[in-house]
Amino acid sequence: MKIFFLDQSGKPGGAELCLLDVAMPYKNHGLVGLLADGPFRELLEQHQIPVQVLTNQAIQVQKASGLLQSLRSSGTLFTPLMKAVQLSRDYDLIYANTQKALVVGAIASLLTRLPLVYHLHDIVSPDHFSPTNQRIIITLANRFASRVIANSHASQKAFVDAGGDANKTTVIYNGFNPAAYQVASTQREHMRQELGIRDRFVIGHFSRLSPWKGQHILIEALAQCSANVIALFVGDALFGEEAYVKQLHHQVIQLGLQERVHFLGFRSTIPELMSACDLVAHTSTAPEPFGRVIVEAMLCGCPVVAAAAGGAVELVQPDRTGWLVPPGDSLKLADVITQIQANSERSHQIAQYAQIRATQQFNLATTNQQIAELLQVIVKH
Ligand code: UDP
C-alpha cells in the first residue's frame, strides 16, 4: 500500500514521533509531506523515510486562532495544498497526522478522490483549541475522513462530544519498541555520574516547555520536598513559549532552587536519561491526549507519577503501575514524591510490573498491525 502522510510540524513533538513509527513500515512506498521544515525532517531522513517539505512559508494559524486570523492565513495553505494534490496522486491514501495537515489533506482528498485517514493526537476542547479550530476539525473530519484514529479514549470522547462522528473513530494507542528502552545499569550509573546526580533522588520531567505541560507545578512541589530531591527538565519550548521559559527560571530563583533544578534542553537520548531518574513526573494541567512520556518511563522501568486527566488515566493504574495526582495540585504531588522516596522497594515493584504491562499493552508491532488492517479495509473499499 502506498501512503502519503501529511504533518504540519518541522519539530518532533509527540505526534511526529508517533508518525515516525507509523510511517516506518511504508518507507519503500510512502512519502511524508511536511508543512514546515526543521529537525523532524532530518529525523525522517536519518530513518530513510522519504520526506518533502511542501512550503517554505510559515503557516500562521495557531490552535487558539480565531476565525479572522484563520481566514487571513488560509492563503499560506495554497502552495502546500497544490503540492499535496500533485504528489498524492501517486498514492493510495492520504494520512493526515495533525490539524493543519487535516485541512490540506481534506481538500487534497476532495480533489484527488483518494481516501483520507485522520490520526487524532489532540483533545478537541476549549482547553486546547479555539471554537473556530474545533469547528474546522470536526467539519472536515466528519465530511472527508474515512476513519479517525484516536490516540486514546479521552481523545475519542472529546472528538465525539465536540460533534465528531463516533462511527468513524477507532482508538489505537501509540506503540513503542520495548527493546529501545532497555538500558544497562552500567550505562545508568555512567549517565548519573555525567549529570552529577549520583546520590540525589532525581525526578525527570520530559516534555516541551509549555504552560499546560505544568513544569511550574513540579517546581512548586520540589520546594516542599526534602533537599536531596532534584528535578531535571528535558525538553525545549517548541512552539514559541519563550515567556513561559523565562517565568520558570524566575520561579526557580524566587524559590531558591537553583542547585536543585536543571534544564537540559531538547534531548534525543530519552531512554538513557529516563533510566537515570528515580521517578518521572508528568504534570500537565489540561487533559493530556495520550502522554507518550508516561509509557516511555514505564518501559524504562522507572516509577511514574502522572496528572489524572485525559489519556494519562488510561495509561496508569493507580498503585499498580504508577501514581496519579490531581492536575495542578503541587502539594499532593510533593506528598506522593515523598512517599515514593521513602518506600523505594514498593515503588521498584510497581515500576517492574508497569514495565511488563506497558511492553504488552503498547507494543509497536501490535499497533502498527492494527493500523495496517484499518488502512487495508479503507483502500480495498
Ligand atoms: N521528547 C524528546 N526529547 C525531549 C523531550 C521530549 O524526544 O527533549 C519526546 C518524549 O520522549 C515523547 C515526546 O517527545 O516521546 C512527547 O510526547 P508526549 O505525548 O508526552 O507529549 P506531546 O509532545 O505529544 O504533547
Side-chain angles (χ1 to χ4, degrees), residues 7-22 38-40 42-44 46-47 63 97-99 101 119-125 127-129 149-152 154-155 158 172-178 180-181 183 191 195 204-215 218 231-241 244-245 262-277 280-300 302 304-307 309-316 322 327 358 362 364 367:
D7 191 287
Q8 70 197 45
S9 181
K11 296 176 183 170
E16 287 68 37
L17 293 171
C18 174
L19 178 62
L20 183 70
D21 288 330
V22 172
F40 181 46
E42 291 163 20
L43 196 60
L44 288 161
Q46 278 163 25
H47 287 84
K63 283 182 170 179
N97 197 53
T98 55
Q99 185 215 349
H119 198 150
L120 175 67
H121 296 275
D122 289 300
I123 300 263
V124 186
S125 76
D127 281 328
H128 294 278
F129 291 96
I149 299 174
N151 66 350
S152 65
S155 300
I172 301 181
Y173 288 135
N174 280 204
F176 300 81
N177 174 11
Y181 295 87
V183 176
M191 181 60 94
L195 294 168
H205 192 290
F206 297 78
S207 169
R208 58 198 152 92
L209 303 177
S210 174
W212 78 272
K213 289 291 188 179
Q215 280 86 359
L218 178 56
L232 303 180
F233 288 97
V234 181
D236 224 335
L238 291 189
F239 306 113
E241 295 99 341
Y244 181 61
V245 179
H262 304 277
F263 292 95
L264 303 187
F266 185 88
R267 299 288 182 107
S268 50
T269 50
I270 297 302
E272 289 79 0
L273 283 162
M274 274 187 179
S275 302
C277 295
V280 166
H282 162 273
T283 57
S284 294
T285 55
E288 184 74 57
F290 178 76
R292 289 175 60 86
V293 291
I294 298 169
V295 177
E296 290 172 326
M298 290 176 174
L299 291 171
C300 287
C302 186
V304 59
V305 54
V313 177
E314 297 164 46
L315 309 182
V316 178
F362 306 103
L364 183 60
T367 54

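Every number for a ligand or one of its atoms is a count from 1 in the order of the listing.
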Mode of Val293 contact toward ligand 1 - side chain, backbone, both, neither (heavy atoms, under 4.0 Å)
both
Among all protein heavy atoms, pick out the one at the shortest distance from atom 12 (C) of ligand 1; state its residue, atom name and that distance to 0.1 Å.
Glu296 OE1, 3.4 Å
Contact atoms of ligand 1, heavy-atom distance to Leu17 under 4.0 Å:
7 (O), 9 (C), 13 (C), 14 (O), 15 (O)
With a 4.0 Å heavy-atom cut-off (strictly under), which part of Lys213 contacts ligand 1: side chain, backbone, both or neither?
side chain
May I ask you to list the atoms of ligand 1 that are less than 4.0 angstrom from any heavy atom of Gly235?
5 (C), 8 (O)
Steps toward side chain to side chain contact (heavy atoms under 4.5 Å, CB included) verdict (Tyr173, Glu314):
CA-CA 10 Å; Tyr173 288 135; Glu314 297 164 46; 2.7 Å; yes
Please tell me whether Asn97 and His121 have a donor and an acceptor in their side chains that are separated by less than 3.5 angstrom.
yes
Under 4.0 Å, heavy atoms only, figure out whether ligand 1 is touched by the backbone of Arg208, its side chain, both or neither.
side chain
Nearest protein heavy atom with distance in Å, relative to atom 23 (O) of ligand 1
Gly14 N, 3.1 Å
Are any of the N/O atoms on Arg292, whether in the backbone or the side chain, positioned under 3.5 angstrom from an N/O atom of ligand 1?
yes
Distance to 0.1 Å, residue and atom name: give those for the protein heavy atom nearest to atom 5 (C) of ligand 1.
Val234 O, 3.6 Å
Less than 3.5 Å between some nitrogen or oxygen of Trp212 and one of ligand 1, yes or no?
no
Looking only at protein heavy atoms, which one is nearest to atom 1 (N) of ligand 1, and how far off is it?
Ile270 CD1, 4.0 Å
Looking only at N/O atoms, are Arg267 and ligand 1 under 3.5 Å apart anywhere?
yes
Sub-4.0 Å heavy-atom contact, Phe266 with ligand 1
yes
Pairing donors with acceptors under 3.5 angstrom, does anything connect the side chains of Ser207 and His205?
no
Run the contact test for Gly291 against ligand 1 with a 4.0 Å cut-off on heavy atoms, strictly below, and give the result.
yes
